[in-house]
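Reading through the structure tokens given below for one structure.
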Amino acid sequence: MCGIVGYIGYRSAWDIVIKGLHRLEYRGYDSAGVALMNGGLKILKKAGKVSDLEAFAIDADKTGTTGMGHTRWATHGEPSDRNSHPHQSGDGKLSIIHNGIIENYAVIKEALIAKGHVFKSDTDTEVLIHLIEEIQTDSVDLLEAVRLALNKVIGAYAIVVMSRDFPDQLIAARKGSPMVIGVGEGEYFIASDATPIVEYTKNVIYLKDLEIALLKRDELVVKSIDNIIQTPYIQELSLKLEMLEKGGFEHFMLKEIYEQPRSVRDCMRGRIYPIEGMVRLGGIKDYAEKLKNAERIVIIACGTSWHAGLVGEYLIEEFARVSVEVEYASEFRYRNPIISEKDIVIAISQSGETADTIAAIELAKERGATIFGICNVVGSSIPRLTHAGVYTHAGPEIGVASTKAFTGQVTVLTLMALYMAQLKGTINNAKLVNLLTELDEIPALIEKCFKEDKKIALIAEKFKDSPNFLFLGRGSGFPVALEGALKLKEISYIHAEGYPAAEMKHGPIALIDADMPVVFIATKNSSYEKVISNIQEVKARKGKVIAIVTEGDKIVKDMVDYVIEIPESNEAFLPLLATIPLQLLSYHIAVLRGCNVDQPRNLAKSVTVE
Ligand code: AGP
């Protein structure tokens, strides 16, 4: 939540910071602001998007080679010019940008008000910069003042601080919110992720929790918050600039939907050996014995990643015959869950930064569980917190609505289920050979799903004004239905619900009338006949049915209003195919409704607040 970018060097700080903020806008877009060192400390900020800030600052003097910028997802205080970052100290000498939440800000604020501090915004962030101002004296330099102040705050933060009195310094620190330092020659970059940095340098340092850094043009000092000098580890980025561009597509979301044959293939590369009937997962192989003997697996995740977890439950129980529970990380962490050292916990997260998932991991770790991560963003917090893990390798996902990350997560879970089955001997080699041969074909089958795109756009035209939608499926078609409903809600703002098709008769069927579109996952699999009965129940009540069917299916076609075909595949891989038309359906509906597909209202790509 909130994007941060900073620069100190010899280039135009404004240009670097603004470009970086555009890249980080997926993290929040309620307001944007920049602080520049140009003579004094110049602050330019505005409610709205980064482009609104650019328009606002068009005639301003934007020279300077030290600066920082922020794009906000509002927590404390409504989105407004006043609440936009950067915030300043009372004397105007210090400025801060912040991602996270200072939980004890109210107590600190009260104490500061008693000492005469006057606040201009409703934010927790402004309290922190006033606290730094209060601590900083002639004998306490900027780095030390920030360090001492951070020792007094409770909560999460990634911050950058600038001072008029120390014009050649940036101070950065993190706890619970990500921060990457780019190392150049005579210049340093700092950002919430590597995307603003990649075109300038490949050398990066991932700041660790509770570390604070002093950045000068030719010097970097990293300390722990309790004042111990650290030796930062410089690593090379594998990210490429073209991965961050739309590549001719109108929206990132569409590009990412169309990337799925490639991203699923990348996810399987080097991990499946169809001829031998073997799965290799290097990231978790050291825990093979633990996996073999696991009696229970708990999957924790949020949102779309939680839906992938539900698919994982079907797959792991089916193939590896181990009991799986799937939990919302946000609920799990606030219960008193029964977790022991015998358990394996799988945390799923695209960003690797979701605060609730991180807290749930920490809780499970405290109780002795072995934690595996399934993440997309390499080097993010979750892979560093877990004992072992498997990356999805989907590449950067910029659209706020998750698409290729979901299919990547489902692919990894499929591989894990088959890997466990192989270890436990719950599947014989001949069956594994067949399954892996079919799995290997999935990228090509995803490609075939795109043949229906034009038809899907026409269906979207018919239903774009519907106020409600139902999505129904059985078995692993149920999480696909949930994911279809979530996609539609988040980008088109249409109310949608996903249900197990059989549950419909226990309540939701009351919603069916001639105006209710119902999307069924009705492919030819073990629940095909049952789903057909559910379709009949909806049609009997005049509901409008759009069915995702297996290519060539005539039976369903004759009873519903619209069909969207997907190629035939093994039932186990259905979610990897049936999800694709649902992503396209919500995409086209959102575009037709004039919605901002890549940056839907109120959302942010990585939810680093609780
Ligand atoms: C997906 O479209 C959502 N925007 C959201 O539900 C997301 O999946 C959720 O916030 C979890 O994020 P993570 O995978 O980065 O942990």
Side-chain angles (χ1 to χ4, degrees), residues 1-3 25-29 73 176-178 192-193 251-254 256-257 260 299-312 326-333 345-361 371-386 389-392 394-410 412-413 471 479-480 482-493 496 498 579 582-587 590 595-610:
M1 250 51 182
C2 301
E25 216 169 14
Y26 72 87
R27 301 178 69 88
Y29 27 85
W73 186 83
S177 295
S192 300
D193 68 30
H251 297 98
F252 278 111
M253 183 183 177
L254 191 62
E256 287 157 7
I257 292 172
Q260 288 173 107
I299 297 181
I300 47 175
C302 300
T304 286
S305 301
W306 184 78
H307 297 157
L310 291 178
V311 177
V326 188
E327 301 254 12
Y328 281 119
S330 53
E331 288 296 317
F332 176 88
R333 59 174 295 199
V345 170
I346 303 178
I348 309 175
S349 174
Q350 187 287 130
S351 61
E353 300 293 348
T354 301
D356 285 319
T357 310
I358 289 176
I361 292 172
I371 325 282
F372 294 159
I374 299 180
C375 288
N376 192 37
V377 178
V378 177
S380 55
S381 299
I382 291 178
R384 283 183 284 133
L385 266 177
T386 47
V390 184
Y391 280 116
T392 49
E397 191 180 65
I398 314 280
V400 166
S402 193
T403 52
K404 63 175 179 169
F406 174 74
T407 46
Q409 292 163 342
V410 171
V412 168
L413 286 158
F471 288 76
V480 171
L482 286 175
E483 178 58 10
L486 177 62
K487 280 302 77 98
L488 190 66
K489 276 186 269 207
E490 18 179 28
I491 63 167
S492 74
Y493 320 140
T579 302
L582 302 188
Q583 294 171 344
L584 287 167
L585 182 66
S586 50
Y587 171 78
C595 298
N596 188 336
V597 171
D598 285 333
Q599 294 174 344
R601 71 183 179 204
N602 304 339
L603 298 183
K605 184 80 182 157
S606 67
V607 185
T608 56
V609 294
E610 297 169 357

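Hydrogens, waters and symmetry mates play no part in the numbers below; they use all other heavy atoms, side chains included. Whatever order the structure lists ligands and atoms in, that order sets their numbers, starting from 1.
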message = Which of the numbered atoms in ligand 1 are under 4.0 angstrom from any heavy atom belonging to Ser402?
response = 1 (C), 2 (O)

inquiry  = Side chains of Lys487 and Leu582, heavy atoms from C-beta outward: is any pair under 4.5 Å?
reply    = no

key: For ligand 1, the portion of Glu353 having any non-hydrogen atom under 4.0 Å away   = neither

note = heavy-atom search around atom 15 (O) of ligand 1 in the protein gives Ser351 OG, 2.7 Å

ask   = Quick one: does Thr357's side chain have a donor or acceptor within less than 3.5 Å of a partner on Glu353's backbone?
value = no

message = Geometry only, no angles: is Gln350 polar-contacting ligand 1 at N/O separations under 3.5 Å?
response = yes

query = Nearest 0.5 Å, what's the CD1-CZ distance between Ile348 and Phe406?
reply = 9.5 Å

ask   = Taking the minimum heavy-atom distance to atom 16 (O) of ligand 1, which of Ile374, Ile348, Val377, Thr354 ranks first?
value = Thr354

query = Which of the atoms of ligand 1 are close to Ser305, meaning less than 4.0 Å from one of its heavy atoms?
reply = 8 (O), 13 (P), 14 (O)

query = So do the side chains of Ile382 and Ile374 get within less than 4.5 Å of each other, counting heavy atoms only?
reply = no

message = Which option wins on minimum heavy-atom distance to atom 11 (C) of ligand 1: Cys302, Pro600, Gly303?
response = Cys302

note = Here the atoms of ligand 1 under 4.0 Å from any heavy atom belonging to Ser349 are 13 (P), 14 (O), 15 (O), 16 (O)

ask   = Against heavy atoms of Thr304, which atoms of ligand 1 measure under 4.0 Å?
value = 1 (C), 2 (O), 6 (O), 8 (O)

ask   = Non-hydrogen atoms of Val400 versus ligand 1: any pair closer than 4.0 Å?
value = yes

message = Quick one, Thr403 and Tyr587 - any side-chain contact, counting heavy atoms below 4.5 Å?
response = no

query = So which heavy atom on Lys404 is nearest to which on Thr407, and how close?
reply = O-OG1, 3.2 Å

key: Protein heavy atom at shortest distance from atom 10 (O) of ligand 1   = Val607 CG2, 3.8 Å

request  = With the side chain counted from C-beta on, respond yes when Ser402 and His307 share a heavy-atom pair under 4.5 Å apart, and no when they do not.
outcome  = no

request  = Any atoms of ligand 1 less than 4.0 Å from a non-hydrogen atom of Ala401? List them with their elements.
outcome  = 2 (O)

ask   = Looking only at protein heavy atoms, which one is nearest to atom 3 (C) of ligand 1, and how far off is it?
value = Glu490 OE1, 3.4 Å

Minimum heavy-atom distance between Ala405 and Glu397, given as atom pair plus value = N-OE2, 2.9 Å

task = Side-chain contact test, heavy atoms from C-beta onward, threshold under 4.5 Å: evaluate it for Trp306 versus Leu482 and give yes or no.
result = yes

